[in-house]
A.B. asks: 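Got a structure here, written out as structure tokens. Questions coming.
Every chain is numbered from 1, with letters handed out A, B, ... down the list of sequences. The basis for the numbers below is simple: all heavy atoms, side chains too, and nothing from hydrogens, waters or symmetry mates. Keep in mind that this is a model prediction, so the values were computed, not measured.
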2 protein chains.
Amino acid sequence: MARLSSGDRPTVKDVAAVAGVSATTVSRVLAGNYPVAATTRGRVMRAVKQLDYVANAQARALVGGGPRTVAFIIRDLVGPLFAYIGQGVEQQTTAEGRLCLVCTHNGDPDRELELIELMREQQAEAVVLVGGGVRSAANLERMTQLANALDRTGSRLVLCGRPPIGPDVPSTVVEYDNEGGAFAATNYLISLGHRQIAIIGVGEPEHTTTKARFGGYTRAHKAHGLKVAKQRVLPGAYERESGYQQTKGLLARGVPFTAIFAITDVVASGVLFALHEAGLRVPEDVSVIGYDDIPLAADLTPGLSTVHLPHEELGRTAIRLALHRDEYALDQHVVLGTHLVVRGSTGPVPHK
Amino acid sequence: MARLSSGDRPTVKDVAAVAGVSATTVSRVLAGNYPVAATTRGRVMRAVKQLDYVANAQARALVGGGPRTVAFIIRDLVGPLFAYIGQGVEQQTTAEGRLCLVCTHNGDPDRELELIELMREQQAEAVVLVGGGVRSAANLERMTQLANALDRTGSRLVLCGRPPIGPDVPSTVVEYDNEGGAFAATNYLISLGHRQIAIIGVGEPEHTTTKARFGGYTRAHKAHGLKVAKQRVLPGAYERESGYQQTKGLLARGVPFTAIFAITDVVASGVLFALHEAGLRVPEDVSVIGYDDIPLAADLTPGLSTVHLPHEELGRTAIRLALHRDEYALDQHVVLGTHLVVRGSTGPVPHK
DNA sequence: TTGTAGGCGTTATCAC
DNA sequence: GTGATAACGCCTACAA
């Protein structure tokens, strides 16, 4: 009874004392995996209620019990893209009976590495890295070390929406076909007759996502015997503002173009705004295509043509593969398909 | 050396053995809070590197060390509103040197209770409940018990964007002025001359958020001596689709209205779409106002007038208050202000 | 400056 | 069916 007013939690011992049994018996009743006399069980349960006993997950974990945890490392929680992947990760994690630890690194690759270390201490069963990033050689090397370290202890590095680190690095990789989607988008614009297609958002050429999407854009041009004009390849971050500014700059410099491929939908929303401001009609004067198919895309006016990514599926698949890698002979590198979604922002090239 | 190939993690003992010192010394070197000879420290560090030793956070937690964790319980991760609050929670949690455990309940109040139990086992230092919810008497009672239980063990129930459970329930509450914002929004429409203002999204009248916003709408009417017409109070969930369907229904039934107050911006986006489809101009024919000021609001055409909520600040404040409640004499119930954001979707009442 | 002993809360093992 | 005991990995007295 003294326990009830005390500031610290009651333990199995306290319950045992109240119920007049041993700690072992309490543990057995709670676990329910061992025969215990009905009357004893009743006494124990009553004591549990009375003391409002709650097991200590940390102590449990130490002896190998309790739910395991999956770490989820992401840039931030606000991007609609990240949110959907996170949703998939969290849902599957919960469905698998695991807990979900979330950390953000705000785009800092070093912080990302630190967080992996931290999650290693936390005994995470899998460490999920979401979204593309800039990769230096040093970063890749450290990442390789960490992947191996995790693997050695039965954990797993999971790359979600980002290409593999290297050929022999133990990791689970689930990405989408960024290059293919960009190819399809550019190809579609070309098939509509566009020959002067600007691309906006190539600010960090070494960013894995940027690289792949720009690669698809380039390949589509090559496939049609078209040259990529430098004046139509514009930098900028993955932000609305950069879409807006770059479009204004394009117009100000008088660079000719009939279509704009924005590297993300968010960038595209800024592009649309700048065009609208300049009195240009979409798609009559300029066609615009985005990438990601975030919810916003359908709500823009006109509806934004874009490349759809299976966000939630990405997260779900990643967790599923990582947690069941020993059960089935699952391929630990999956590339999910992307597809073009045509809405109102794209149309045939305008007549001169 | 044998350890290096083994599947399980090296412990302080292994490091001690390699370094030729005792486990205690290793612990001291790692903690850095106790004098250790420089040479010894060197040997230990080398052994740590060699074995790639990583501390076991669970064992640490058991003896009172290591980072504490804050639990973050939310409906889902995809809503833009939740995302921003989550961002605030996560950032502040990290800034305070804590880890962030995330769980979703998909709107199921029972699941929410279960999760609180689970987080209690996890020894969470604070359990943050985000967003409004439906509250039955039984739910409130159980919630009260849990709040007390958490309080008794030095933890804390934190209500974020939701009203207090009861007068004497130990908890930290940070909410925004839903009623006041709804009053301001409705009042603004009335001041523009509108007298037939429909409200869409009152589907769950007992939902705490719905209740407060509908309350503000009602109070504004009363303040101007206007009556709330039942035919203009429409149900519907917090979804785009429901905004769309309810608006169509309103038009089909021929209910007169000159303005629509959508209970959330997401609902408003559906409203705008339905009006557009029906050939009605906004704001010339109908004014529309939303609530939340999610990023989408600014991107809609026309820009959506709405009530701004300080999302991130909400999350940050909640964590700050909860974690420092003993240090300062902080008020554990804060109501953050909301304010009207006027964009293009509202205008004077059309002439007959 | 370093080492030894004990304990955190739980469960598994082995005896009764 | 039930209970003592050891062990998980770490840290903090207390000794030396």
A.B. asks: Taking only the side-chain heavy atoms of A/Val12 (C-beta and beyond), determine which of D/dG9, C/dT10, D/dT2 contains the nearest atom.
C.D. replies: C/dT10

A.B. asks: Separation of B/Asn33 atom CG from C/dT2 atom P, in whole Å?
C.D. replies: 14 Å

A.B. asks: Quick one about B/Glu175 and B/His333 (side-chain donor to acceptor, distance below 3.5 Å, no hydrogens or angles considered), yes or no?
C.D. replies: yes

A.B. asks: What is the distance, rounded to the nearest whole Å, between atom CG of A/Asp14 and atom C1' of C/dT10?
C.D. replies: 13 Å

A.B. asks: Rounded to the Å, how far apart are A/Gln58 CD and D/dC11 P?
C.D. replies: 14 Å

A.B. asks: Let me spell it out: for each of B/Val26 and A/Val63, pick the nucleotide of DNA chain D with the closest heavy atom. Which residue's pick is nearer the 5' end?
C.D. replies: A/Val63

A.B. asks: On DNA chain C, check which nucleotide each of B/Leu62 and B/Thr25 is closest to and give me the residue with the more 5' one.
C.D. replies: B/Thr25

A.B. asks: Is any side-chain nitrogen or oxygen of B/Tyr34 closer than 4.0 Å to OP1 or OP2 of C/dG3?
C.D. replies: no

A.B. asks: When the distance from CZ of A/Arg41 to C1' of D/dG1 is rounded to whole Å, what number comes out?
C.D. replies: 12 Å

A.B. asks: Considering only D/dG9, C/dT1, C/dT10, which nucleotide approaches the side chain of B/Ala59 most closely?
C.D. replies: D/dG9

A.B. asks: Using whole Å, report how far CZ of A/Arg68 lies from P of D/dC8.
C.D. replies: 17 Å

A.B. asks: Measure the distance from CZ on A/Arg60 to C1' on D/dA7 and round it to the nearest whole Å.
C.D. replies: 17 Å

A.B. asks: Flag yes if more than 12 heavy atoms outside A/Asn33 fall under 6.0 Å of its CG atom; otherwise flag no.
C.D. replies: yes

A.B. asks: How about A/Thr24 and A/Ser27: does a side-chain donor come under 3.5 Å of a side-chain acceptor?
C.D. replies: no

A.B. asks: Atom OH of A/Tyr53 and atom P of C/dG9: how far apart are they, to the nearest Å?
C.D. replies: 10 Å

A.B. asks: Say whether B/Gln92 and B/Arg98, considering side chains only, have a donor N or O and an acceptor N or O under 3.5 Å apart.
C.D. replies: no

A.B. asks: Counting the atoms with a prime plus P, OP1 and OP2 as sugar-phosphate, which does B/Ala55 contact under 4.0 Å by heavy atoms, base, sugar-phosphate, or nothing?
C.D. replies: sugar-phosphate

A.B. asks: Which is true for B/Ser22 with a 4.0 Å heavy-atom rule: it touches a base, it touches only sugar-phosphate, or it touches nothing?
C.D. replies: base

A.B. asks: Look at A/Thr24 and D/dT2 and indicate whether a side-chain polar atom (N or O) is within less than 4.0 Å of OP1 or OP2.
C.D. replies: no

A.B. asks: Quick one: B/Asn56 CG to D/dA7 P, roughly how many Å, whole number?
C.D. replies: 18 Å

A.B. asks: Considering all heavy atoms of both residues, which atom of A/Thr104 and which atom of A/Leu115 are nearest to each other, and what is their separation?
C.D. replies: O-CD1, 3.7 Å

A.B. asks: Does A/Arg28 make a side-chain N or O approach to OP1 or OP2 of D/dT2 shorter than 4.0 Å?
C.D. replies: no

